[in-house]
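Keep in mind it's a predicted model, so treat the numbers as computed, not measured. Chain naming here is simple, since letters A, B, ... match the order of the sequence lines and numbering starts at 1 in each.
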There are 4 protein chains.
Amino acid sequence: VSQLKPGQLAAQQSTGKTSTVDICGVSIGGDSAVTLICGPCSVESREQILSIARLVKDSGARILRGGAFKPRTSPYSFQGLREDGLRFLAEARNETGLPVITEVMDARELPIVERYADCLQIGARNMQNFTLLKEVGKSHLPVLLKRGFSATIDEFILSAEYILSEGNTNVLLCERGIRTFEPSTRYTLDLSAVPILKSKTHLPVIVDPSHGVGVREIVPQMSLAAVAAGADAVMLEVHNSPEDARSDGEQALFPETLAKLVPRLRAVANAIGRDL
Amino acid sequence: VSQLKPGQLAAQQSTGKTSTVDICGVSIGGDSAVTLICGPCSVESREQILSIARLVKDSGARILRGGAFKPRTSPYSFQGLREDGLRFLAEARNETGLPVITEVMDARELPIVERYADCLQIGARNMQNFTLLKEVGKSHLPVLLKRGFSATIDEFILSAEYILSEGNTNVLLCERGIRTFEPSTRYTLDLSAVPILKSKTHLPVIVDPSHGVGVREIVPQMSLAAVAAGADAVMLEVHNSPEDARSDGEQALFPETLAKLVPRLRAVANAIGRDL
Amino acid sequence: VSQLKPGQLAAQQSTGKTSTVDICGVSIGGDSAVTLICGPCSVESREQILSIARLVKDSGARILRGGAFKPRTSPYSFQGLREDGLRFLAEARNETGLPVITEVMDARELPIVERYADCLQIGARNMQNFTLLKEVGKSHLPVLLKRGFSATIDEFILSAEYILSEGNTNVLLCERGIRTFEPSTRYTLDLSAVPILKSKTHLPVIVDPSHGVGVREIVPQMSLAAVAAGADAVMLEVHNSPEDARSDGEQALFPETLAKLVPRLRAVANAIGRDL
Amino acid sequence: VSQLKPGQLAAQQSTGKTSTVDICGVSIGGDSAVTLICGPCSVESREQILSIARLVKDSGARILRGGAFKPRTSPYSFQGLREDGLRFLAEARNETGLPVITEVMDARELPIVERYADCLQIGARNMQNFTLLKEVGKSHLPVLLKRGFSATIDEFILSAEYILSEGNTNVLLCERGIRTFEPSTRYTLDLSAVPILKSKTHLPVIVDPSHGVGVREIVPQMSLAAVAAGADAVMLEVHNSPEDARSDGEQALFPETLAKLVPRLRAVANAIGRDL
């Protein structure tokens with residue numbers, strides 16, 4: 001391993017093609033279809049996640065997201081339902097057939113998250129938690145790695161390399177906004193990261209416009225732009241009652257907004273020669 | 001004027017519609033068509049601009065851009081052909097029928113630029129050159145105002161207000177990238193500025209992906225994303241021989257790339273219900 | 001001139017010494033003494049500037065600053081007293097003997113500013129107003145050039161080079177804060193710019209902690225730090241009645257704070273082998 | 001705990017005084033003395049750390065720093081000597097009497113690090129590794145928490161609150177540079193964080209100019225500035241042979257530079273009424 005060059009496993013292969021990562025039969029990457037991943041920021045109750053999972057399924061999305069272990073800036077904020085949340089997610093998957101992505105925050109929680117999840121998420125704040133990266137590098141599950149909000153693209157690729165170098169080849173890269181001086185949005189969504197990552201690596205690239213801008217009203221436009229920029233998947237926060245959400249409600253789409261957005265995403269995907 | 005609230009003239013009107021700015025018969029804004037503006041960074045010779053103007057015309061673009069007065073970081077860099085450059089631009093317009101956008105850097109040069117140009121450009125470095133903003137506010141020509149590369153969106157709108165408050169209602173806002181920590185691109189193109197500007201103002205919004213990313217290879221993807229995000233116009237640098245360009249050659253498209261890109265831009269425009 | 005390398009005139013000379021710039025008998029630079037420059041953000045009235053000039057003189061500061069032409073983000077904010085303000089400044093100089101630094105915003109205003117000022121200031125927003133830089137490069141007065149709030153140090157040096165290359169050798173570089181993501185302060189004061197500028201150029205370096213942080217309460221600590229970092233001068237905003245200031249009142253020191261600060265600045269200057 | 005307001009335990013107490021944290025008899029904080037912490041980036045060998053520890057002791061520094069578990073951007077870079085490194089550090093402490101600060105990267109390594117260290121360090125990349133923060137919050141050892149390089153000051157304080165809310169009251173806050181657009185320095189050292197943190201919390205504040213700027217040549221000036229800004233401690237990287245260092249050699253001071261710097265730091269500390 002020590003003879004490898006930095007980022008060597010992540011580097012673009014000679015074919016120039018994006019690899020495909022399979023999540024329980026749903027594939028991401030491979031240049032043909034764009035995949036839609038939806039769900040709430042946090043799992044808040046059995047009812048909440050089941051109800052949202054159904055509307056996610058109806059919208060045409062292929063994968064369900066939701067957080068059970070929540071990294072929160074303040075120790076006094078809601079920290080997630082933990083194992084209960086994982087159980088409710090699994091129940092939602094069983095009912096809808098949608099594979100489930102959820103975050104793992106610590107190596108010690110990995111076995112329990114692996115028991116319920118179909119894809120592990122590493123959050124932006126943990127992008128350089130190198131011991132955690134090595135652990136998920138040994139997992140049999142695919143890993144969605146979020147870009148740290150002040151990580152350069154090269155640092156992001158090297159964090160993916162931590163996972164790849166442990167033997168896990170199923171890594172998805174997710175742009176979710178970087179920190180800048182602009183206060184109108186929570187972060188600045190760096191869509192140029194999409195073509196840059198695709199030129200430097202063979203890994204599928206996902207965009208999360210919900211966290212990227214943090215403002216519900218402009219998430220649809222940024223989703224369309226993400227597809228046009230070449231994203232292999234778009235991950236959107238949706239909530240049946242955003243005003244009551246226990247975290248990040250101001251960036252979650254209303255169900256009816258999602259329903260109207262999906263055909264527009266498909267139209268843009270078609271315009272650049274892809275499906276959704 | 002002193003009773004106006006900040007940004008009042010730029011603010012979104014009750015109709016919620018984007019205004020239309022007319023540049024010699026080509027209109028920008030108004031929510032129906034996306035306009036393509038192309039040309040070299042600098043006018044370098046009569047032959048160069050005539051040759052590029054022809055290929056711009058052939059590509060389907062509607063407006064020609066090119067710099068005669070060039071703001072350069074170093075005093076020892078090429079500073080533009082000045083009045084000669086303006087004359088060559090006017091000749092290119094006469095031959096192709098394309099209206100011409102060119103930068104004015106100083107109030108004292110305004111009369112001469114007005115003599116040749118169809119639309120004045122205020123560059124990013126002059127976005128808060130308030131005396132210049134007031135002067136172009138008195139011009140009969142439309143003004144394309146570029147966002148300073150570290151200006152907040154609210155500061156950008158207030159700079160437009162300087163022009164509007166002098167009586168010139170034909171102002172176009174242009175996002176061209178903001179300065180961040182990311183070194184892979186020259187600037188970070190802030191596409192979220194497009195829907196934010198449209199929610200806060202009635203002014204047409206243009207995106208300049210060439211300056212925004214500074215890397216030719218990803219300009220096509222970012223152009224497509226700009227259209228998907230709702231831009232009213234896209235401004236692209238193109239050069240018949242980018243390797244020989246006297247400024248910013250590394251971000252100029254090859255003519256054949258532009259030719260292939262235009263139908264894809266049109267397809268994305270159509271996908272969101274607009275023409276190009 | 002075209003054979004000069006970028007930044008050649010600003011570059012550190014073989015002696016490694018900082019040059020000295022003389023402003024009506026007060027010298028800045030030269031490694032021995034630290035100079036204190038104080039005054040209000042804006043000249044607001046004859047009484048105000050005379051009263052502040054007296055307390056500035058009493059504090060031990062050697063130069064008076066104050067704005068007559070004010071660059072303001074909004075066209076509806078107070079824009080300065082213009083020529084009246086210059087006249088009041090000149091009167092304050094005549095009474096106190098303190099040389100006067102004031103901003104020039106536009107080449108057309110330069111003759112009138114030159115008539116009253118002892119040193120010209122180019123504001124941060126005009127750091128890349130290249131036509132203005134060239135004009136002040138022809139002036140007989142010294143020029144205090146402020147760093148643009150998102151200019152790199154190398155760009156800053158090249159803007160100084162615009163002035164130097166027109167023949168004006170009396171250029172002072174002023175760090176005044178850069179734009180970052182941190183909201184606790186108005187800008188982030190980049191004190192590392194002081195030793196970096198001194199290693200790359202022979203020009204005297206000034207720090208403006210008032211604009212740099214924008215929060216009165218921490219200006220004293222940042223002034224002390226600026227002296228410790230090696231600044232040749234510190235420029236401070238002070239106002240006889242900060243709550244009533246027509247611009248930037250929240251960053252102006254109270255007169256009594258200035259009076260207590262000066263001996264502490266002198267103690268730190270002495271600690272690093274300089275006077276004040 | 002759930003009734004506490006965000007940051008309540010970290011908040012400035014009614015006395016307005018900085019708390020004192022004791023590290024094996026060396027106290028940091030309390031407004032009287034400034035403490036010097038020195039050592040190499042990484043422990044590289046028994047000889048290296050013993051030799052550096054001796055020169056650190058001779059310089060007048062009171063605490064030894066050195067990394068055994070190293071967070072590295074690339075998985076193929078030197079990752080530290082791990083437990084061997086801890087053992088060598090303990091041996092250096094036993095010989096010199098200097099207490100030892102070293103980083104812990106993961107909750108599972110905490111017991112072993114606690115066995116050897118006198119103060120735990122949480123690195124910038126782990127500032128929002130909330131599970132790790134909770135674990136060190138249960139430790140009997142003091143914790144030096146580094147500011148994430150794109151964390152706001154308020155986020156930094158809330159990360160300290162994670163530790164405090166678990167019962168560990170001995171928390172030290174360390175400013176180590178934030179990420180900005182400026183390429184001359186590795187990060188931009190935000191010295192305004194020192195007085196801001198002191199106004200918002202009662203916790204001692206440390207500055208690490210070595211990581212903050214990443215350029216050996218300007219570390220002395222930034223150290224002096226840190227003391228002048230009010231830092232309770234300064235942490236400096238020093239190496240007996242910086243050119244051969246296995247990590248961050250370009251920012252480590254030469255021993256002779258450290259020896260010359262200490263009396264200057266003491267002079268500035270005295271100038272503001274403190275010892276060193």
Is it the case that over 12 heavy atoms from other parts of the model lie below 6.0 angstrom from the CZ atom of R87(A)? yes
Which heavy atom in S150(D) sits nearest to a heavy atom in F149(A), and how many Å separate them? OG-CE1, 3.3 Å
To check you understand the geometry: which heavy-atom pair defines the closest contact between R179(A) and A151(D), and what is its length? NH1-CA, 3.9 Å
Given side chains that start at C-beta, do those of Y162(A) and R72(D) come closer than 4.5 Å, heavy atoms only? yes
Atom CD of residue position E47(A) - does it have more than 12 heavy atoms of other residues, nucleotides or ligands inside 6.0 Å? no
Could you measure the distance from the CZ atom of F69(A) to the CZ atom of F130(D)? Nearest 0.5 Å is fine. 15.5 Å
Could you tell me which of M127(D), Q79(D), K134(D), E166(D) has the largest number of non-hydrogen atom pairs under 4.5 Å with chain A? Q79(D)
Name of the residue among D106(D), N126(D), N129(D) meeting side chain to side chain donor-acceptor pair (under 3.5 Å) with T131(A): D106(D)
Over all heavy atoms of both residues, which pair between L158(D) and P75(A) is shortest? Give the atoms and the distance, please. O-CD, 3.7 Å
Does the distance from a Lys or Arg side-chain N to an Asp or Glu carboxylate O, for R125(A) and E155(D), drop under 4.0 Å? no
Can you name the closest pair of heavy atoms from S165(A) and Y76(D) and give their distance? CB-OH, 3.6 Å
Contacting region of E109(A) [heavy-atom separation from chain D under 4.5 Å]: side chain
